[in-house]
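Convention: sequence-line order gives letters A, B, ...; per-chain numbering from 1.
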Amino acid sequence: MRGRSIAGQANGRPWPEPQPAAGVSSSAEAAAAIDRAPTRLDDRPTMEPENFRALEQGLLTAAAAALGRNDPAGLRTSDAQSAEVGDLAIGFHGLAKTLRADPQALATRVAEAVQGDARFTDALAQNGYVNVRIARPLLWRAIAGELAREGASFGRDPALQPAKWLVEYSGPNTNKPLHIGHLRNTILGFAMSNVVRAHGHDVTRYNIVNDRGIHICKSMVALDRFAAGSSPETTGEKGDHLVGRLYSLFAKKATEEFAQWAAGPGAAEIEQYLATNRASIETGADLQLRKRFLQEQEQAGRKLEWKPAKMKPQQYPEKMAADAALERDYGAWLQAHADDVAAARRAEGLKRAQAAVARRFEAEVSQLHAQTRDWLRRWEANDPEIRALWRRMNDWVLAGIEKTYQRLGVSFDHVDYESDVYLAGKELVLELLQKGHARKLADGAIVFEQPGKAAGEAPQEKVLLRGDGTSVYITQDLGSLMRRYTRHRFAEVVYVVGSEQELHFELLFALIDRLVPGLGARCHHLSYGMVELPHGKMKSREGEIIEADGFLDTVEAAAAAQVRARSAELPAEEVRRRGERIGLAAVKYHLLKFSKRSTVKFDVDEALDMNGRTGPYCLYALARLRSILRKADAAGFATQLDLAADASRLAPAEAGLLLTVAKLPAAIAAGVRDLDPYHVADYVYGLAKQLNSWYTASGEDGKPLHPVINCADPATRGLRLSLLRLVEAALERALTLLGIGTLDEM
RNA sequence: GCGCCCGUAGCUCAAUUGGCUAGAGCGUCGGGCUUCGAACCCGAAGGUUGCAGGUUCGAGCCCUGCCGGGCGUACCA
């Protein structure tokens with residue numbers, strides 16, 4: 001599993017020509033797909049559309065033909081305005097512009113032509129759109145046929161040119177367990193890789209383990225000095241938790257060491273700092289107090305009014321008077337809070353002094369930090385003793401993290417270790433230098449001039465290689481990216497990394513583009529928002545994190561408690577199993593239901609909530625559906641998909657379900673287009689909701705509108721059972737793409 | 001300071017990439033279990049899409065300027 005040596009790997013130049021870009025999605029590709037699709041239904045009326053997409057293309061071609069055009073360029077389908085007016089719509093605003101025509105006139109002409117087409121049963125022209133209803137038998141055969149043919153690969157784009165994709169996600173550190181931030185990354189990345197694969201591409205999943213650097217040395221030193229002999233075997237802890245605890249222990253001991261020093265030999269140094277910086281400290285503290293005062297006032301509805309840009313001159317006197325009053329109150333407030341003022345100044349002074357002195361302390365006084373630095377040097381020098389300890393502790397952590405991946409149900413095809421790749425890239429930087437893309441500073445550092453973003457802004461000098469020849473972050477990423485390219489010749493690569501690293505990836509992609517022209521545009525940063533903790537509600541101190549395993553335990557236990565409450569007779573083991581599934585579904589769906597840019601405010605209560613737009617809701621809809629199928633089976637009814645079912649009996653809600661089933665490929669395509677699995681999460685909920693609504697719908701008399709097992713008419717019952725098979729397949733498929741496992745019973 | 005992202009219902013978020021009447025969940029109020037699973041369904045109230053201009057047949061989406069928030073701006077990773 002450990003990555004192979006990369007020695008000599010970077011010698012394969014010159015790099016081969018890049019492959020033609022296999023686009024995420026482009027108009028050219030769409031046009032090519034239209035050309036390829038067998039859509040000339042009007043020429044060959046007996047030909048059946050092989051899938052929903054072909055049906056849409058058939059409609060577009062018919063519309064184009066009605067307007068005297070031989071291809072549907074410039075037209076595309078969208079959702080009908082409502083289910084009452086049709087299944088699909090076409091808007092004519094764009095075409096009207098190029099034709100210098102009235103959109104409504106075009107829509108009317110198309111509506112008239114479509115009326116006479118047996119494939120369509122209704123056409124309504126309104127507001128420059130035509131809303132069309134598709135003949136039910138045709139709709140049924142196209143969609144049911146597509147699912148029957150595609151099976152487990154339902155959702156792919158048959159017109160797609162498959163390409164090689166790499167998706168990198170998770171990126172754990174070996175000094176601590178996974179936390180809630182890793183959880184979003186890992187769930188998002190795994191779902192993304194599934195969605196790209198489902199679209200039809202060849203995907204390789206990558207993980208990158210940050211297993212080297214000063215952080216892991218701290219855990220090692222803590223073990224050495226304060227916990228000698230500890231191991232997962234002796235303490236019974238999960239390896240990642242043990243090492244994480246040692247890392248915290250190091251921080252605690254280092255703080256103690258500093259406090260001791262500050263109270264003794266360092267006291268004079270701190271006092272001196274306080275004396276020299278007194279004025280600045282008092283200003284800083286006072287500013288904070290003023291901010292506090294203004295916040296208090298604002299809550300009471302008062303604030304500084306002086307904003308000349310927004311004021312009319314005649315308002316000036318009034319606003320100035322208001323502000324003056326506020327200032328007077330501030331003076332009084334300060335006097336009333338004299339103790340606070342003194343305390344704030346003391347606290348601010350101490351904070352600054354410690355920050356200022358701590359750096360010197362760490363570098364010159366601290367024994368702990370000295371040992372850590374020494375061990376890092378020995379690690380880099382391949383000291384066998386240090387390497388052995390490092391390897392042992394990394395293995396503890398990785399074994400622990402692997403367990404977390406297993407319970408999450410995520411996996412990788414390749415794992416890179418930074419300890420293997422961190423030296424790669426030096427030669428690439430030298431190559432950039434040779435080719436004139438980078439230059440050398442007086443101290444030997446090699447820098448790249450990243451052009452300024454704003455007009456007139458000076459270019460930023462980015463260091464690619466330090467003066468002493470050592471690598472920085474970008475060096476190793478450049479090396480591993482090139483290594484992956486030479487190995488896989490990928491068409492596209494996706495890095496799932498938080499948005500705070502956008503600049504880094506811009507630089508990385510600009511650099512790789514200099515080495516392999518055109519490659520930069522095929523590298524993507526799936527940049528997602530932060531996971532915020534609700535500070536108010538949870539009293540989470542700064543730096544405190546929610547650790548993944550414990551969090552998952554909490555959610556799964558809460559889900560299990562609900563299962564137990566609902567079905568008391570269930571064996572404990574089954575309660576636990578369902579709790580796991582439901583809890584995981586809740587967490588995963590919560591992390592995927594927002595678009596990627598959105599910051600997720602991780603309210604544990606909200607993630608725990610099983611009602612509303614949640615994972616458990618989706619699981620429930622599917623479990624309910626499966627319950628019907630089970631009972632139908634037991635009653636002796638055929639429940640397999642019947643392509644020849646009489647679709648003319650489809651109720652409106654059922655045609656709607658059928659249409660939604662058919663839109664899974666579009667949701668997947670949108671997910672790939674935006675590099676955001678959120679579209680699939682949105683799809684699942686929409687389908688589940690539609691199913692629940694259909695299920696409970698009743699007529700004026702209060703009787704169920706859509707009985708299945710109790711349906712008196714065998715043909716309708718068969719059709720409904722078939723439809724449920726389709727919905728089941730679509731729900732199962734979409735949830736699986738999100739990495740959410742389903743249940744037969746809840 | 002500069003750059004990127006964001007600002008939509010009380011709260012949390014969508015909006016088919018510039019198109020039909022801006023939609024969901026939570027919360028609030030009201031209704032629905034003697035028939036296939038109520039972790040459900042139906043209905044109601046709730047919007048000057050931060051503000052001001054501009055482009056367009058058409059703007060939540062594009063442009064400009066403000067206001068407010070987040071992130072970044074390392075020879076850290």
Side-chain angles (χ1 to χ4, degrees), chain A residues 76-82 85 89 91-94 96-97 102-103 126-129 131 171 173 210 212-215 307 309-310 418 441 443-447 452-454 457-458 460-468 470-474 476-477 498-504 506 527 529-530 532 559 562-563 566 582 593-595 597-601 603 606 609-614 616-617 619-621 623-632 635 663 666-667 670 673-674 678-679 682 685-686 689 692-698 702-704 706-711 720 745-746:
Chain A
R76 61 177 184 178
T77 57
S78 60
D79 291 349
Q81 197 211 358
S82 69
V85 294
F92 294 95
H93 301 87
K97 193 165 192 172
D102 173 25
Q126 60 173 21
N127 305 326
Y129 284 83
N131 289 277
N173 299 330
N210 179 6
R212 141 204 121 76
I214 199 83
H215 61 267
K307 281 175 187 160
K310 294 200 137 190
E418 287 196 355
L441 298 183
D443 70 350
I446 297 176
V447 298
K453 288 257 196 103
E457 190 192 322
Q460 282 248 318
E461 272 191 353
K462 295 296 205 177
V463 171
L464 306 182
L465 205 57
R466 293 195 187 98
D468 63 6
T470 56
S471 297
V472 292
Y473 186 33
I474 194 79
Q476 85 181 27
D477 262 10
S499 61
E500 68 274 7
Q501 296 202 34
E502 277 172 5
L503 219 56
H504 170 74
E506 261 176 52
S527 162
M530 313 188 42
E532 268 178 11
Q562 287 206 37
V563 173
R566 286 166 208 273
I582 296 168
K593 70 195 270 195
F594 308 110
S595 54
R597 224 177 295 283
S598 174
T599 59
V600 173
K601 286 175 193 68
D603 187 328
E606 206 184 304
D609 195 351
M610 316 262 161
N611 299 311
R613 191 188 191 92
T614 64
Y617 175 94
L619 290 191
Y620 176 71
R624 208 149 79 149
L625 179 159
R626 284 176 170 160
S627 169
I628 300 176
L629 289 172
R630 270 196 310 275
K631 290 197 166 134
K663 284 172 189 164
R673 178 197 63 204
D674 289 346
Y678 141 80
H679 285 104
D682 193 46
Y685 176 74
K689 187 175 168 56
N692 273 333
S693 179
W694 165 84
Y695 178 86
T696 45
S698 53
K703 288 191 174 167
H706 313 114
V708 183
I709 295 167
N710 301 331
C711 183
R720 287 185 177 148
E745 296 173 86
M746 277 180 75

Roughly how far apart, to the nearest Å, are [N] and [M] at atom [atom1]?
N: B:C29; M: B:G65; atom1: P; answer: 47 Å
N: B:A24; M: B:G47; atom1: C1'; answer: 15 Å
N: B:U21; M: B:C26; atom1: C1'; answer: 25 Å

Taking only the side-chain heavy atoms of [X] (C-beta and beyond), determine which of [options] contains the nearest atom.
X: A:Lys97; options: B:G37, B:C57, B:C36; result: B:C57
X: A:Met746; options: B:C20, B:G37, B:U35; result: B:G37
X: A:Ile628; options: B:A77, B:U12, B:G37; result: B:G37
X: A:Arg624; options: B:A38, B:C6, B:G25; result: B:A38
X: A:Gln460; options: B:U73, B:A77, B:U16; result: B:U73
X: A:Asn611; options: B:C57, B:C42, B:A39; result: B:A39
X: A:Arg613; options: B:G37, B:A77, B:G25; result: B:G25
X: A:Phe594; options: B:C71, B:A38, B:U12; result: B:U12

Without decimals, in angstroms, what is the distance between A:Asp609 CG and B:A24 P? 19 Å

Residue whose nearest RNA chain B nucleotide is more 5′ - A:Ala670 or A:Lys689: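 The answer here is A:Ala670.
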
Between A:Ile582 and A:Pro707, name the one whose nearest nucleotide on RNA chain B is closer to the 5' end. A:Pro707

Using the rule given for side chain to side chain contact (heavy atoms under 4.5 Å, CB included), can you reason through A:Val447 versus A:Leu441, listing the C-alpha separation, both sets of side-chain angles and the distance that settles it, and then say yes or no? CA-CA 7 Å; A:Val447 298; A:Leu441 298 183; 3.7 Å; yes

N/O (side chain, [X]) to phosphate O (OP1/OP2, [N]) under 4.0 Å:
X: A:Ser627; N: B:G37; result: yes
X: A:Tyr620; N: B:A39; result: yes
X: A:Arg566; N: B:G37; result: no
X: A:Lys631; N: B:G37; result: yes
X: A:Lys593; N: B:A24; result: no
X: A:Ser693; N: B:C42; result: yes
X: A:Tyr617; N: B:C41; result: yes
X: A:Lys663; N: B:U16; result: no

Answer with yes or no whether [X] presents, from its side chain, a donor or acceptor under 3.5 Å of a partner atom in the base of [N].
X: A:Asp443; N: B:C75; value: yes
X: A:Gln126; N: B:C20; value: yes
X: A:Arg76; N: B:U16; value: no

When you measure from the side chain of [X] to the backbone of [Y], do you find a donor-acceptor pair of N or O atoms at a distance under 3.5 Å?
X: A:His706; Y: A:Tyr695; result: no
X: A:Arg720; Y: A:Pro707; result: yes
X: A:Lys593; Y: A:Tyr678; result: no

A:Val708 and side chain to side chain contact (heavy atoms under 4.5 Å, CB included): which single residue from A:Ile628, A:Leu625, A:Leu629 fits?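 Of the listed residues A:Ile628, A:Leu625, A:Leu629, the side chain to side chain contact (heavy atoms under 4.5 Å, CB included) partner of A:Val708 is A:Ile628.
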
Just name whichever nucleotide pairs with [N], Watson-Crick or G-U, keeping both distances under 3.5 Å, else none.
N: B:G58; result: none
N: B:A44; result: B:U28
N: B:G23; result: B:C13
N: B:G1; result: B:U73

A:Ser471 side, atom OG; A:Asp477 side, atom CG - distance, nearest 0.5 Å: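 The CG atom of A:Asp477 is 11.0 Å from OG of A:Ser471, to the nearest 0.5 Å.
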
Syn within 90° of 0, anti beyond: B:U56 is anti

Determine the interplanar angle of the A:Tyr617 and A:Tyr685 rings, folded into 0 to 90°, and report it as parallel if under 30°, tilted if 30 to 60°, perpendicular if over 60°.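 Tilted: the ring planes of A:Tyr617 and A:Tyr685 meet at 30° to 60°.
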
